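A quick note: this is a predicted structure, and the numbers were derived from the prediction, not measured. In this chain, residues are counted from 1 in sequence order.
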Amino acid sequence: GEPELAMAAHVRQRKVVVYRLKSGFEGSTVLEKISEYEPSVIQRTKLHPLSPSCDEQASESVESPGKRPINLLYSGSCHYDALVLPSTP
């Protein structure tokens, strides 16, 4: 469900994109994007480099740039399958 997909994006630090099959022009079938879940930013705390004191801490945002999203195909009744899309140059 939706809470689990949002948590998966957070834990894996990757975008999760959900698609479904939709009837297209002249009976063709196309993929329709129905939702996206962005990874939340992890806050990592470390000691300030000039002071060993825990009172002086700096917070650093850590993101995972360059990771491909996790693509899923929703096929109804809360069922999702992994979806491998062709890579784009």
Side-chain angles (χ1 to χ4, degrees):
E2 193 166 5
E4 292 83 6
L5 294 173
M7 184 56 71
H10 170 73
V11 170
R12 301 297 299 167
Q13 283 299 290
R14 292 171 67 181
K15 181 191 291 191
V16 175
V17 183
V18 181
Y19 296 87
R20 71 175 175 170
L21 292 175
K22 179 180 174 183
S23 296
F25 183 68
E26 294 185 0
S28 64
T29 304
V30 295
L31 285 174
E32 176 185 31
K33 186 186 301 183
I34 57 174
S35 58
E36 288 186 4
Y37 302 88
E38 293 287 338
S40 54
V41 176
I42 296 174
Q43 294 292 324
R44 186 183 330 171
T45 305
K46 64 180 182 178
L47 292 177
H48 190 278
L50 301 178
S51 171
S53 169
C54 290
D55 294 332
E56 296 181 33
Q57 296 180 344
S59 182
E60 170 185 349
S61 294
V62 178
E63 294 181 10
S64 300
K67 285 191 177 182
R68 294 177 67 177
I70 298 169
N71 297 305
L72 299 173
L73 178 64
Y74 177 70
S75 52
S77 301
C78 293
H79 183 79
Y80 298 85
D81 291 306
L83 180 63
V84 179
L85 298 174
S87 59
T88 55

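- Here the straight-line distance linking atom CD of Glu2 with atom CE of Met7 works out to 13.0 Å at 0.5 Å rounding.
- Between Leu73 and Leu83, the closest heavy-atom pair is N-CB, 4.1 Å.
- Listed for the Arg14 side chain is a donor-acceptor partner under 3.5 Å among the backbone atoms of Arg68.
- The line from CZ of Arg20 to OG1 of Thr29 is 12.5 Å long, rounded to the nearest 0.5 Å.
- Nearest heavy atoms, Val17 versus Pro69: CG2-CB, 4.0 Å.
- Put simply, the side chain of Gln13 gets close to the backbone of Ser40: a donor and an acceptor are under 3.5 Å apart.
- Counting heavy atoms from C-beta on, the side chains of Phe25 and Val30 never come closer than 4.5 Å.
- Annotation for Ser75 and Asp81: closest pair OG-OD2, 3.9 Å, computed over non-hydrogen atoms.
- Using a 4.5 Å cut-off between side-chain heavy atoms of Ile, Leu, Val, Met, Phe, Trp and Tyr, with links allowed through other members, Leu72 and Tyr74 fall into the same hydrophobic cluster.
- You'll find the side chain of Ile34 reaches within 4.5 Å of the side chain of Glu32, heavy atoms only.
- Cluster annotation: Tyr37 is not connected to Tyr19 through the hydrophobic network of ILVMFWY side chains, with a link wherever side-chain heavy atoms come within less than 4.5 Å.
- For the pair Pro39 and Ala9, the tightest heavy-atom approach, listed with the atom from each and the gap, is CB-O, 3.4 Å.
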